[in-house]
Structures are given as C-alpha cells and as structure tokens.
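Worksheet for the structure shown next.
Note that this is a predicted model, so its numbers are computed, not measured. Values reported hereafter were calculated over all heavy atoms of this structure, with side chains retained and with hydrogens, waters and symmetry mates removed.
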Amino acid sequence: MIVSASRRTDIPALYPEWFMNRMRAGFCTVPNPFNAKQVSTIPLNRTEVDAIVFWTRYPARFLPMLDELDAFGIPYTFLFTLMSYPPDMEPNMPSFPARLDTFLRLAERVGPDRVAWRYDPIVLSRVTNAFFHQNNFQQIATLLQGATHQCIVSVMDPYGKTVKRMKRISEELQPELTPSPESVLPLLADMAAIAEQSGMTFQTCAQSEAFANATVRPGACIDAARLNTVFNLSIPCHKDSGQRPHCLCSASRDIGMYDSCVFGCTYCYANADFARSVRNRAAHDPLSPSLLGHHPPDAVQKSLFAE
C-alpha cells in the first residue's frame, strides 16, 4: 500500500508533529470526507506500507524529523510544489527564497531522485500569462538544477470555488476558464525543453490527451513504477480508480483532510472555506488519531490492516 500525505492538505508543513505521533502509534484514522461517521484505520508500519508520498510546499519544520522517520524503515518521496505567483494569489505562503532554500536542503538530505518539483497549477490570466510562466519556470528550473530530476505540471481546473476567489482579487488575475490545447501546448513544449536543459524529465498531471504531444507527455504523481525503481520495490502498478478521469496516479490511501490548510492559495481546490480551515487548524490536536477532531461515538471503523 502507498500512503499519500496528502493531496488534501500540507502535512509536512502544517502537521508534522501529528504525523510523527501517528508513525509512533503505527496507524492513523481518516473519516470519509462525505460521511464523518465512516472512519478508516490506516496502518503506518513497514509491514503494511510499501512507501509514503508527501505533498508539500514548505516542509521546513519536517526536516529535523527525517532522521526519526528513516528509522521506521518505510521508503518515502516528496512532491514539492514551488512557484512564484503574485502575493495576492498565495497570501500566506512563506517567501520564495525560504521555500527555495527548503527545497534545496531537502534534496541534499534525501537525494534528487526523491524530490519531484511540481509547477502546479498553471493559472493563465492577464498577469500570469504564457510569458510570465515561461520566464518564471526558466528561473526556477535554473535554481533547481541538480536538486531534482523530475518536473510535473498541470493547468488549473476551473472549479467554481477557485474561479470565484480569483475574480474577487482583481479582473487582471481572473483565470481563463477553458484554455485551449492550441494555446497551451506551445507553452508546455517550451517548459519541457527548459526542464530537459536543467536535467529533468517533464510530465503533465491529470491532463487530457489533447494537452500532449511528442515532448509533452502525461504521467503519474504517485507513481508505483518510479517508486519501484528508486527503492527496488515491487509495488503493483494499479491505477487509482478514485481519482479524476485523466489522473494516472497509482492506487494509494490518503491520510489528510480537506479544509485544514491555511496557506490560502486562491487556486486551491482542497479548501472550500478558508475561514473554516483556520478554525480547524486552531482546533487541531496533534495527539488525535485523526488529523482533525475526534470521532463521534457511533463512528463505523473500517480497518485496512491485513487480516
């Protein structure tokens, strides 16, 4: 089993103490996002878990914990999102130099094959147009040369909640709702060439075949085949049927919860209500088996431990 930590929130940045407490306990619990009374128990031990994939933007607080994490013997990799959008789009994000420094320190600690760079999502607007992204991507790729061998990009999906947030900022940042492949592919091709020059493979995430060509290829973020290569494992390469239609990720179990990230990125799809996220963060108990709250007495527990 691959554990995803997490598509729903930034555990390494915001909840590292909770995660390490759960590693020591050997399990965590995850309520169904649509029915809090349905609770799954997810094992966190070397016998049950093949690998852990961390999704993060700023794991600075997590770095001192990696020695202890290594002692548990579970292979792990990072999907590190690093961009440089206008502050209005990422209002609570640490500075770009701080995030870049953390990326470089992490790569030095675990090795470039275990840290993938996510330039995600590509928001196309009057301010963040193709010219902006080409230059931004070039600058970051140059700074990351040697620190990672993999780059993953995607174009923003026009979820209603994200579009409304972007409109509230300014008309200049209002995103294109349905950018055409014909307008996006030249940008992606330029980015692929830049990535190759910087020693990185280049792939898209959860994009339709229309956004692919000879140099722009779709790929998986949680990639069992890559984990098998990096760690000499034999994880089954089954597609995750619970993800979006164009997502190629391998099957995994996510241990995060929605409405728990406080970075406030306007393009975020994992937070429906930023005020609720702040309240949830404030009420977080690092000793709870679940990331948020404690389960109701009548919660139905479903264990994923091997029989």
Side-chain angles (χ1 to χ4, degrees), residues 2-13 50-60 62-63 66 69 74-84 96 99-122 133 136-155 188 191-207 211-212 215-233 235 237 239-240 243-244 246-252 254 256 265 270:
I2 300 171
V3 169
S4 169
S6 155
R7 284 184 176 91
R8 301 168 182 167
T9 193
D10 195 330
I11 289 175
D50 296 297
I52 303 171
V53 177
F54 294 104
W55 308 65
T56 189
R57 292 169 175 271
Y58 186 59
F62 199 37
L63 295 186
L66 295 184
L69 180 59
I74 302 176
Y76 59 89
T77 62
F78 286 83
L79 299 169
F80 196 128
T81 298
L82 184 64
M83 308 183 77
S84 185
F96 177 80
R99 288 179 282 136
L100 172 65
D101 176 70
T102 300
F103 191 114
L104 297 177
R105 288 192 292 125
L106 176 62
E108 183 178 8
R109 170 64 175 75
V110 303
D113 284 327
R114 294 171 61 185
V115 186
W117 171 33
R118 287 179 61 87
Y119 189 88
D120 166 72
I122 297 171
H133 285 290
N136 199 24
F137 188 84
Q138 173 74 75
Q139 292 171 12
I140 300 174
T142 300
L143 293 168
L144 294 182
Q145 190 164 357
T148 181
H149 296 152
Q150 183 183 20
C151 177
I152 304 169
V153 306
S154 74
V155 180
L188 297 181
M191 295 169 77
I194 292 168
E196 183 179 5
Q197 292 167 6
S198 299
M200 307 172 197
T201 61
F202 182 87
Q203 68 184 61
T204 60
C205 161
Q207 302 294 155
F211 289 87
T215 59
V216 180
R217 298 182 177 89
C221 299
I222 296 182
D223 188 344
R226 184 177 180 86
L227 292 170
N228 289 340
T229 299
V230 172
F231 297 110
N232 192 27
L233 302 173
I235 306 171
C237 298
K239 185 179 181 299
D240 193 333
Q243 300 304 320
R244 292 171 289 174
H246 298 298
C247 177
L248 301 179
C249 281
S250 302
S252 66
D254 200 293
C265 301

Q.
Is it true that Q203 and Q150 share a donor-acceptor pair across their side chains at a distance under 3.5 Å?
A. yes
Q: Name all residues meeting the salt bridge (charged side-chain N to carboxylate O under 4.0 Å, His left out) criterion together with R118; count only those two or more places apart in sequence or in a different chain, and write none if there are none.
A: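 Residues passing salt bridge (charged side-chain N to carboxylate O under 4.0 Å, His left out) with R118: D120.
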Q. Does the side chain to side chain contact (heavy atoms under 4.5 Å, CB included) test come out yes or no for T148 and F103, once each step is laid out?
A. CA-CA 9 Å; T148 181; F103 191 114; 4.0 Å; yes
Mind checking whether [X] and [Y] have side chains closer than 4.5 Å, heavy atoms only?
{"X": "I122", "Y": "F137", "result": "no"}
{"X": "Q243", "Y": "C221", "result": "no"}
{"X": "R114", "Y": "F78", "result": "no"}
{"X": "T9", "Y": "I11", "result": "yes"}
{"X": "D240", "Y": "S252", "result": "yes"}
{"X": "L106", "Y": "P59", "result": "yes"}
{"X": "I222", "Y": "R7", "result": "yes"}
{"X": "T77", "Y": "F231", "result": "yes"}

Q.
L66 vs Y76, test: side chain to side chain contact (heavy atoms under 4.5 Å, CB included). Steps then yes/no.
A. CA-CA 10 Å; L66 295 184; Y76 59 89; 3.9 Å; yes
Who are the side-chain contact (heavy atoms from CB on, under 4.5 Å) partners of [X], not counting sequence neighbours?
{"X": "L100", "result": "L82, F96, L104, L143, L144"}
{"X": "A212", "result": "P218"}
{"X": "I235", "result": "I2, D50, A51, A224, L227, N228, L233"}
{"X": "N136", "result": "S84, Y119, F132, I140"}

Taking only residues two or more places apart in sequence, or in another chain, which ones meet [X] in a side-chain hydrogen bond (donor to acceptor under 3.5 Å, both in side chains)?
{"X": "R99", "answer": "none"}
{"X": "T56", "answer": "D10"}
{"X": "Q207", "answer": "none"}
{"X": "Q138", "answer": "T142"}

Atom pair [atom1] ([X]) and [atom2] ([Y]), whose distance is rounded to the nearest 0.5 Å:
{"X": "S4", "Y": "L79", "atom1": "OG", "atom2": "CG", "value": "8.0 Å"}
{"X": "F211", "Y": "C205", "atom1": "CZ", "atom2": "SG", "value": "13.0 Å"}
{"X": "S6", "Y": "I52", "atom1": "OG", "atom2": "CD1", "value": "12.5 Å"}

(Q) Suppose we screen for ring pair (Phe, Tyr, Trp, His ring centres under 6.0 Å). Which residues come up paired with Y58, at least two apart in sequence or across chains? (A)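 None.
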Q: Kindly write out the residues that satisfy ring pair (Phe, Tyr, Trp, His ring centres under 6.0 Å) with F202, not counting sequence neighbours, or none if the list is empty.
A: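 In terms of ring pair (Phe, Tyr, Trp, His ring centres under 6.0 Å), with neighbours along the sequence ignored, F202 is linked to no residue.
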Q | Exam field: side chain S198 to backbone M200, donor-acceptor pair closer than 3.5 Å | A |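 No; zero donor-acceptor contacts below 3.5 Å.
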Q: Please lay out, stage by stage, how R217 and T204 fare under the test side chain to side chain contact (heavy atoms under 4.5 Å, CB included).
A: CA-CA 6 Å; R217 298 182 177 89; T204 60; over 6 Å; no
Q: Could you walk me through whether F62 and F54 pass ring-ring contact (aromatic ring centres under 6.0 Å, His included), step by step?
A: CA-CA 11 Å; F62 199 37; F54 294 104; 5.1 Å; yes
Q: Would you mind listing every side-chain hydrogen bond (donor to acceptor under 3.5 Å, both in side chains) that reaches into residues 104-113, with sequence neighbours excluded?
A: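 Counting only pairs at least two positions apart or across chains, the side-chain hydrogen bond (donor to acceptor under 3.5 Å, both in side chains) contacts touching residues 104-113 are D67-R109, D70-R109, D101-R105, D113-H149.
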Q. Between I152 and A116, what is the shortest heavy-atom contact and its length?
A. CD1-CB, 4.3 Å
